[in-house]
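Remarks on the structure that follows.
To find a chain, count down the sequence lines: A is the first, B the second, and so on, and within it residues start at 1. All values reported here derive from a predicted model rather than from experimental measurement.
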Amino acid sequence: MPELPEVEVTRRGLADAIQGVSIEGVQLGKPLRWPLGIAEQRLLGQAVRSLRRRGKYLLMDLDEGLLLIHLGMSGSLRFAPELPPRGAHDHFELRTSGGVLRLHDPRRFGAVVWAEREDAGMGLKLLGSLGVEPLEEGFTFEGFWRGLQRSRVAIKQLLLSGKLVVGVGNIYASEVLFLAGIAPTKPARRVGRAAAQRLHAAIRQVLAQAIAAGGSTLRDFSHVDGYAGAFQEQASVYDRAGQPCRRCGGAVAQIQQGQRSTYYCPRCQK
DNA sequence: ACGTCTACCTGTCGGC
DNA sequence: TGCCGACAGGTAGACG
């Protein structure tokens, strides 16, 4: 579920409501990817100051330190005055003065980790080597171009790695390469300047559009999968193996790259 | 430093 | 209907 757009949509949906609430209780379910890293007691009484995002991590600033929240493959967050009784896959919960924040994550690849600061200790470990934010000023074409030229890996895998630019997950990697007309297997350093410009623009465009679409379908957080459904109806190639390319009519191909599925149109992407 | 692979976990779906 | 393998939106950490 969560690539950058979903995480950002989640952030926007929660930020205003959660700002200023104070933590009154902490409930843990089964272990997530890492331990919380702080005694639960120390969170009690702390106020939530803001909710930010870095890559696919949510950063919840507290009076002391911050919580890094990652949704992994299957995580979703809800925040409401009251929630139904906790289920088998609800593995983290904060009871606050303004409602209950709950992480639902069946596969438990997600994480909630406390860090004293975002640029030290666990914060640095998790956030320190992330690439630039695709929707911020720092994502310049020249920087992107230099990054492409430094890498010999297939362009799809470079995008997915998050080392150059964060937030492009497995769905959007296929989608942006289709939009830019670049074969996913092409070594990054072999992508030409004009194609790189198309790709740079496609990344911004696709992610921004997805956020806008997610914002409209996920606004009330009652149907958690609303966004994924909406996006996949308009996907150009993702999960469309064998179906006609929307541009040329040829069959969409599916291959494996680094144990992940990639979809593309062999005729439109060179 | 770079590229590749493994591991973590549960649910779902297609084929037999 | 039931079982079984393949696969799923991520990424740190280990290894060569």
Side-chain angles (χ1 to χ4, degrees), chain A residues 1-10 29-35 37 53-58 68-77 87-92 103-113 115 121-131 134 146-177 184-190 206-207 210-211 213-214 217-218 224-242 254-263:
Chain A
M1 207 177 298
E3 296 193 27
L4 183 145
E6 284 111 326
V7 179
E8 176 61 17
V9 166
T10 296
K30 288 189 187 177
L32 293 164
R33 188 162 185 181
W34 295 289
R53 179 188 58 74
R54 178 73 179 97
K56 295 171 194 167
Y57 285 92
L58 288 168
L68 307 177
I69 303 173
H70 199 290
L71 302 180
M73 290 276 248
S74 56
S76 58
L77 280 177
H89 301 307
D90 298 326
H91 299 302
F92 179 83
L103 173 66
H104 176 84
D105 185 7
R107 291 181 72 181
R108 293 192 277 129
F109 289 173
V112 180
V113 175
M122 200 64 181
L124 179 64
K125 186 161 88 176
L126 296 179
L127 306 174
S129 58
L130 295 181
R146 279 195 299 277
L148 291 185
Q149 294 188 299
R150 257 186 275 118
S151 172
R152 358 172 35 91
V153 301
I155 182 63
K156 154 57 152 64
Q157 293 182 267
L158 179 63
L159 292 178
L160 209 47
S161 77
K163 287 173 184 162
L164 191 49
V165 56
V166 294
V168 182
N170 202 43
I171 294 177
Y172 296 113
S174 285
E175 293 296 310
V176 298
L177 287 167
T185 50
K186 177 169 277 213
R189 54 162 48 166
R190 307 282 276 265
V206 169
L207 294 181
I211 290 171
T217 55
L218 261 190
V224 185
D225 288 324
Y227 160 69
F231 177 81
Q232 294 197 16
E233 278 165 31
Q234 44 177 324
S236 297
V237 287
Y238 183 80
D239 205 20
R240 296 193 64 241
Q254 175 179 7
I255 59 173
Q256 299 297 119
Q257 291 183 284
Q259 294 49 333
R260 312 296 301 278
S261 284
T262 300
Y263 301 84

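- Across C/dA12, C/dG10, B/dG3, the shortest atom-to-atom separation from the side chain of A/His70 is found for C/dG10.
- By the 6.0 Å contact criterion, CZ on A/Arg189 is enclosed, its count of non-hydrogen atoms from other residues, nucleotides or ligands being greater than 12.
- Between A/Leu160 atom CG and B/dG3 atom P the separation is 14 Å, expressed in whole Å.
- With both ends at atom P, the span from C/dA12 to B/dG11 equals 25 Å, rounded to whole Å.
- OP1 or OP2 of C/dG13 has at least one side-chain nitrogen or oxygen of A/Lys125 nearer than 4.0 Å.
- Summarising the geometry, the separation between CZ on A/Arg240 and P on C/dG9 is reported as 17 Å, rounded to the nearest angstrom.
- When side chains are defined from C-beta on, A/Val9 counts as touching A/Ile211, because their heavy atoms get closer than 4.5 Å.
- Among the protein residues, A/Ser261 comes within range of the sugar-phosphate backbone only, with heavy atoms under 4.0 Å from sugar or phosphate atoms but none that close to a base.
- In this structure, A/Lys156 places its NZ atom 15 Å from C1' of B/dG3, rounding to the nearest Å.
- Closest approach to the A/Val153 side chain among C/dG9, B/dG3, C/dT11 is made by B/dG3 (side chain taken as heavy atoms from C-beta onward).
- Rounded to whole angstrom, the span from the CD atom of A/Gln257 across to the P atom of B/dT4 amounts to 10 Å.
- You'll find a donor-acceptor pair under 3.5 Å spanning the side chain of A/Arg107 and the base of B/dC9, going by distance alone.
- For a distance-only test at 3.5 Å, the side chain of A/Arg260 fails to qualify as a donor-acceptor partner of the base of C/dA8.
- Stacking of A/Phe109 onto the six-membered ring of C/dT11 is not present when judged by under 5.5 angstrom between centres and under 30° between planes.
- One can find a donor-acceptor pair under 3.5 Å joining the base of C/dG9 and the side-chain atoms of A/Glu6.
- The closest donor-acceptor contact from the side chain of A/Gln149 to the backbone of A/Arg146 lies at 3.5 Å or more, if one exists at all.
- C/dA6 sits 15 Å from B/dT6 when the P atoms are compared, rounded to a whole Å.
- For A/Glu175 (side chain) and A/Ser236 (main-chain N/O), a donor-acceptor pair under 3.5 Å exists by modelled atom type.
- Taking a pair to require two hydrogen-bonding distances under 3.5 Å in either a Watson-Crick or a G-U wobble arrangement, C/dT11 pairs with B/dA7.
- Across all strands shown, A/Arg108 has heavy atoms under 4.0 Å from sugar-phosphate atoms exclusively, and none from any base.
- Judged by closest nucleotide on DNA chain C, A/Lys56 is the one of A/Met122 and A/Lys56 placed further toward the 5' end.
- In this structure, the CD atom of A/Gln256 is 14 Å from the C1' atom of B/dC5, given to the nearest Å.
- Remark on DNA chain B: of its neighbouring residues A/Lys30 and A/Gln259, the 5'-side contact belongs to A/Gln259, judged by nearest-heavy-atom nucleotide.
- In this structure a side-chain-to-backbone donor-acceptor pair under 3.5 Å is missing from A/Glu8 to A/Arg53.
- B/dC2 atom P lies 8 Å from atom NZ of A/Lys163, rounded to whole Å.
- With hydrogens and angles disregarded, a donor-acceptor distance shorter than 3.5 Å links the side chain of A/Ser74 to the backbone of A/Arg107.
- Rounded to whole Å, atom C1' of B/dA7 lies 16 Å from atom CG of A/Leu32.
- Regarding contacts with the backbone of B/dG11, a side-chain N or O of A/His89 is found under 4.0 angstrom from either OP1 or OP2.
- Applying the 4.0 Å criterion to OP1 and OP2 of C/dA8, one finds that A/Tyr238 has every side-chain N and O outside that range.
- At whole-Å resolution of the value, CD in A/Gln157 and P in B/dG3 are 10 Å apart.
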